[in-house]
Number of protein chains: 2
Amino acid sequence: MSQQRHTETTSKIKQTFTILLKEKGLDALSVSDIARGSQINRGTFYLHYLDKYDLMDKLQEELIQDLLAILDTDVELSEMDNPLDIIPYSQILKALQYVKQEFTFIETLVGEHGDPKFVAKFKAIISAVIKEKVSHSSNLKLGTEHLPKDYADEILLSGVVSIILLWIRKGAIESPEQIAKMITQTRFLSPSEIAHA
Amino acid sequence: MSQQRHTETTSKIKQTFTILLKEKGLDALSVSDIARGSQINRGTFYLHYLDKYDLMDKLQEELIQDLLAILDTDVELSEMDNPLDIIPYSQILKALQYVKQEFTFIETLVGEHGDPKFVAKFKAIISAVIKEKVSHSSNLKLGTEHLPKDYADEILLSGVVSIILLWIRKGAIESPEQIAKMITQTRFLSPSEIAHA
DNA sequence: TATTAAAATCAACACGTTGTTCATAAAGGA
DNA sequence: TCCTTTATGAACAACGTGTTGATTTTAATA
């Protein structure tokens with residue numbers, strides 16, 4: 001069927017694109033490269049996408065929508081979740097499992113020749129999940145000083161996201177369960193405690 | 001003097017490049033754009049740089065070398081420094097003051113159309129400073145689990161770096177002193193404590 | 001002031017990529 | 001079989017690239 005043929009062409013394009021993106025980055029890669037690598041006519045590419053940026057956008061949008069669908073479901077807390085924690089274990093776990101499922105492309109997006117805009121979107125999604133849970137109380141007294149809310153939010157967020165990004169960049173060696181547990185438990189340790197083991 | 005003329009040309013190039021980088025990013029910007037914006041002949045650009053990537057490299061290298069010079073000096077701890085802390089207040093302060101001094105270009109490098117490779121280099125420099133101070137003891141017992149050293153290091157690092165990056169991206173409104181103090185003091189709070197003020 | 005070397009200009013070059021168009025061919029469902 | 005969708009192939013003008021060679025400008029210095 002034509003739908004089948006269509007799918008085959010676009011998935012070949014995605015595959016070639018991922019390889020080229022990983023080895024050269026988006027700037028250095030041309031539509032001609034994609035066409036050559038996919039063994040399709042260059043015109044065929046333009047039948048599906050406006051240009052290489054449009055292709056990148058559409059592939060990322062797939063991931064973003066999937067992640068949103070996974071994380072936006074209102075969770076009734078499962079038995080694993082600690083209601084005091086800022087981020088539900090079960091939701092993080094599901095997100096990590098999805099990352100593993102789409103690993104080839106996500107690893108590339110997060111890697112050296114990847115796209116910081118995707119990382120930013122990913123951060124924003126995690127941020128939304130966290131913010132739902134964080135008490136809406138304003139600033140935190142810090143000795144005689146204030147820790148402004150925007151900085152407090154950023155620190156929280158980066159603690160979670162940096163673990164996930166390191167996991168991906170190392171090749172997702174650990175299981176999603178291990179990482180989810182690590183994230184949950186780390187919430188109760190200060191950097192000073194982490195450093196001076 | 002000819003040295004003067006040379007400096008004027010390259011600094012005009014840097015200025016135009018910074019503007020274009022901020023508004024389009026490195027991919028979308030051409031050597032022709034730079035030449036037009038700087039009101040120089042395109043050939044003149046190639047008298048100084050191999051291509052736009054070479055220009056980017058050289059501008060970044062300046063910053064990196066300056067930062068290394070600032071941070072590599074072996075500090076005898078100043079009276080402000082707490083010898084127990086993982087990162088010396090006085091060193092961080094000097095780095096932040098330099099960032100403020102070179103703010104226009106650094107803000108661009110760290111911004112939406114900036115270069116993730118620069119952020120990575122910046123992280124690596126901060127990482128080196130931190131690692132000197134962190135106890136070389138291995139893993140940390142975390143309940144019944146271990147927190148692997150690579151993840152512990154990454155969490156420490158991202159806590160510091162994310163504050164600095166947020167500061168830059170917001171336009172460096174706060175003083176370097178405020179940020180340095182924030183970084184130093186935050187080391188003793190867990191994410192959980194930060195969240196539930 | 002005249003000389004000289006460095007720095008900048010200008011035009012031209014071949015080349016690759018871009019996005020578009022048009023005519024044609026292949027595929028496969030109705 | 002017919003018909004629509006999908007893919008092909010060739011050609012197009014436009015633009016950016018990096019390089020060349022001839023020329024002019026600049027400013028230091030002899």
Side-chain angles (χ1 to χ4, degrees), chain A residues 1-62 108-109 112-115 117-118, chain B residues 1-62 108-109 112-115 117-118:
Chain A
M1 47 190 134
S2 73
Q3 181 66 13
Q4 182 65 26
R5 194 166 32 133
H6 181 278
T7 301
E8 270 168 22
T9 301
T10 55
S11 80
K12 190 83 189 77
I13 288 176
K14 175 176 179 180
Q15 192 188 326
T16 305
F17 178 70
T18 304
I19 294 171
L20 290 170
L21 186 61
K22 190 166 197 166
E23 81 180 30
K24 301 193 190 188
L26 187 57
D27 342 358
L29 133 198
S30 67
V31 173
S32 301
D33 287 336
I34 298 173
R36 271 190 293 269
S38 309
Q39 288 169 297
I40 59 163
N41 190 277
R42 189 167 63 90
T44 306
F45 177 91
Y46 289 105
L47 248 37
H48 296 282
Y49 306 102
L50 294 174
D51 52 31
K52 64 182 176 181
Y53 302 103
D54 185 48
L55 167 61
M56 176 65 117
D57 277 352
K58 284 179 172 154
L59 292 181
Q60 287 190 19
E61 196 54 28
E62 271 183 43
T108 301
L109 283 179
E112 194 197 342
H113 294 297
D115 184 1
K117 288 201 283 300
F118 176 77
Chain B
M1 47 190 129
S2 74
Q3 181 66 12
Q4 182 66 26
R5 193 164 34 130
H6 181 275
T7 301
E8 270 167 23
T9 301
T10 55
S11 80
K12 190 83 188 77
I13 288 177
K14 176 177 179 180
Q15 192 187 326
T16 305
F17 178 69
T18 304
I19 294 171
L20 290 170
L21 186 60
K22 190 168 197 165
E23 81 180 29
K24 301 192 189 189
L26 186 58
D27 342 358
L29 132 198
S30 67
V31 173
S32 301
D33 287 336
I34 298 174
R36 271 190 294 269
S38 310
Q39 289 170 293
I40 59 162
N41 190 277
R42 190 167 63 91
T44 305
F45 177 91
Y46 290 105
L47 249 35
H48 296 283
Y49 306 102
L50 293 175
D51 53 30
K52 62 182 175 180
Y53 302 103
D54 184 48
L55 168 60
M56 177 65 117
D57 278 352
K58 284 180 173 155
L59 291 181
Q60 287 189 20
E61 196 55 27
E62 269 184 45
T108 301
L109 283 179
E112 195 197 341
H113 295 296
D115 184 2
K117 286 201 284 297
F118 176 76

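Lettering of chains follows the sequences in order, A, B, ..., and the numbering in each one begins at 1.
Contact check for A:Leu29 versus A:His113: no side-chain heavy atoms found under the 4.5 Å cut-off. Looking at heavy atoms from C-beta onward, B:Phe17 lies out of side-chain contact with B:Asp33 at the 4.5 angstrom threshold. Using a 4.5 Å heavy-atom cutoff, the side chains of B:Ile13 and B:Leu55 are in contact.
Residue B:His48 has no polar side-chain atom (N or O) positioned under 4.0 Å from OP1 or OP2 of C:dA7. Look at B:Thr9 and you'll find a side-chain N or O under 4.0 angstrom from OP1 or OP2 of C:dA8.
B:Glu8 has its CD atom 13 Å from the C1' atom of C:dA8, to the nearest Å. In this structure, CG of B:Leu55 is placed 12 Å from P of D:dT17, rounded to the nearest angstrom. When rounded to the nearest whole Å, the span between NZ of A:Lys24 and C1' of C:dT17 equals 12 Å. Between the CG atom of A:Leu29 and the C1' atom of C:dT17 there is a distance of 12 Å, rounded to whole Å. For the pair B:Arg36 CZ and D:dG16 C1', the interatomic distance rounds to 9 Å; values are reported in whole Å. Rounded to whole Å, the distance from CG on B:Leu26 to C1' on D:dG16 is 14 Å. Protein atom CG of A:Leu50 is 20 Å distant from nucleotide atom P of C:dT17, rounded to whole Å. Between A:Asp27 atom CG and D:dG16 atom P there is a gap of 17 Å when expressed in whole angstrom units.
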**Request:** Report the C-alpha distance between B:Tyr46 and B:Val31 in whole Å, list the side-chain angles of each, state the deciding distance to 0.1 Å, and finish with yes or no for side-chain contact (heavy atoms from CB on, under 4.5 Å).
**Result:** CA-CA 9 Å; B:Tyr46 290 105; B:Val31 173; 3.8 Å; yes
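No hydrogens or angles were tested; on distance alone, a donor-acceptor pair under 3.5 Å links the side chain of A:Arg42 to the base of C:dG19.
Taking the side chain of A:Ser32 as heavy atoms from C-beta on, and the options C:dT9, D:dA7, C:dT18, the nearest nucleotide is C:dT18. Picking from D:dT8, C:dA8, D:dT17 the nucleotide with the shortest atom distance to the side chain of A:Leu47 gives D:dT8. In this structure, the nucleotide among C:dA8, C:dG19, D:dG16 sitting nearest to the side chain of B:Thr44 is C:dA8. Listed nucleotides: C:dT17, C:dT20, D:dT17. Nearest to the side chain of A:Tyr46: C:dT20.
DNA chain C is contacted by both B:Gly43 and A:Asp51; B:Gly43 maps to the nucleotide lying nearer its 5′ end (nearest heavy atom per residue). Heavy-atom nearest nucleotides on DNA chain C were determined for A:Ser30 and for B:Ile40, and the one closer to the 5' end corresponds to B:Ile40.
Between the side chain of B:Lys14 and the main chain of B:Leu59, no donor-acceptor pair closer than 3.5 Å is present.
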